[in-house]
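These notes concern the structure reproduced below.
Note that the numbering runs from 1 along the sequence shown for the chain. Just so you know, ligand 1 is whichever comes first in the structure, and atom 1 is the first atom listed for that ligand.
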Amino acid sequence: MANPKLLKAIKAKNDEWITMWPDIAAELPNYKDQLKGKRILCPCDWDASYNEKFFYLKGKIKKKLSSTNCNFLKFLISHAEDYKIKSITASGYDPKKKKGTKFEDIDYSKYDLIITNPPFSIFEEFINTLVKNKKNFLVIGPTFALSYKNIIAHFLKKKISIGYAKQLSGFVSRSGKTFMANTPEGSNARACLWYTNLKLDYSRRNLILTESYSNKKYQKFYNFNGINVDKVKNIPYNFKGIMGVPITFLRKFNPYQFELLGTGVQAKKTKRWSGDKAMLWTEKNGKPDKAPFERLLIKNKKI
Ligand SMILES: C[S@@+](CC[C@H](N)C(=O)[O-])C[C@H]1O[C@@H](n2cnc3c(N)ncnc32)[C@H](O)[C@@H]1O
């Protein structure tokens, strides 16, 4: 799941990936009704000229659109009246010059909804801050953050979901270079998703299951009462019990279709297997066989 280029960018703290207008224009309108009356903050949009400034307040544009390169601000301000947004504020921090307002230091009581593309290197910390402050959010993050312990925990507590876009169409660097997802250089955009706690229309996310269960096709777990499913597309449509699926399942998770029960690691609590308790093991001929990569435990609600 991990994308080497994105991991390299994170290691080098190369966090300057500017979101493109088409990605914002494709995702934000889905939540139009939930933006009504909201005080919106874009907290990771560093620009020395406008740190923590209102761009829009109660029907009035306070700062000219031409003063920003940020497509979040451009989109929100141009739709503010139609969406009946209360206010739009931008802020950010430049780690190199140590200037601006860190997202950690923001007084979140002044805002209702956070919309941004935070630095990938501090994504987990950023989400934790928003959840702790009980804020609504719609933010871009790397797909592999799905495997972060805290991020999974938010999913299990129903505090976070994945937005509608399957991936982003591209990013622009600070120097203006474009990295389109459909080119070899665009792997960062291909490996990013929207994370949100806004309401989603799950009728648009029904995973179509085509595989039928048989005990020949699917291994049981040795140390847990359930079966292992190696690929999301192989989730059988007719298995009633618990299934251990890859973490990428969260991208397609529909809470009306499936119940999210926990992670593979939690299965160690069954204490049925005295070997490596941190893992689920598949079974072959009555013996432990393989320990698949981290699993999510799910149940089909519709059967
Ligand atoms: C991935 S860029 C996104 C830029 C812009 N919001 C966009 O997508 O159009 C992340 C931005 O967050 C800023 N930043 C870095 N550390 C931060 C922090 N602790 N708090 C707030 N902003 C930070 C960086 O300077 C950078 O401009």
Using a 4.0 Å heavy-atom cut-off, say whether [X] meets ligand 1 through its side chain, its backbone, both or neither.
X: F120; answer: neither
X: P43; answer: backbone
X: R174; answer: side chain

**OP:** Tell me, please, whether Y164 has R204 positioned over its six-membered ring: NZ or CZ under 6.0 Å from the ring centre and within 45 degrees of its axis?
**Re:**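 So R204 does make the cation-pi contact.
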
If you take the nearest heavy atom of each of [options], which one is closest to [atom]?
atom: atom 16 (N) of ligand 1; options: C192, A90, P119; result: P119
atom: atom 18 (C) of ligand 1; options: W17, F103, W46, F126; result: F103
atom: atom 7 (C) of ligand 1; options: V139, T19, T101; result: T19

For [X], is at least one N or O under 3.5 Å away from an N or O on ligand 1?
X: K102; answer: no
X: N71; answer: no
X: P95; answer: no

Hey, does the side chain of [X] reach the backbone of [Y] with a donor-acceptor pair shorter than 3.5 angstrom?
X: R205; Y: S203; value: no
X: T116; Y: V139; value: no
X: N133; Y: T129; value: yes

Original post:
Does I122 reach ligand 1, in the sense of a heavy atom lying below 4.0 Å from it?
Top reply: yes

Original post:
If you count the non-hydrogen atoms of other residues, nucleotides and ligands that lie under 6.0 Å from CG in N69, is the total more than 12?
Top reply: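 It does not: N69 CG has 12 such atoms or fewer within range.
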
**OP:** May I ask you to list the atoms of ligand 1 that are less than 4.0 angstrom from any heavy atom of C44?
**Re:**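 Close to C44: 3 (C), 4 (C), 5 (C), 6 (N), 10 (C), 11 (C), 12 (O), 21 (C), 22 (N).
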
Original post:
What atoms of ligand 1 come closer than 4.0 angstrom to any heavy atom of D45?
Top reply: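 Listed by number with element, the hits are 5 (C), 6 (N).
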
**OP:** Decide if the gap between the ring center of W21 and the ring center of F75 is smaller than 6.0 angstrom.
**Re:** yes

Original post:
For I152 and I247, which heavy atoms make the closest approach, and how far apart are they?
Top reply: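 Closest pair (atom of I152, atom of I247, distance): CD1-CD1, 3.7 Å.
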
Original post:
Hey, is D112 close enough to K86 for a salt bridge, meaning N to O under 4.0 Å?
Top reply: no

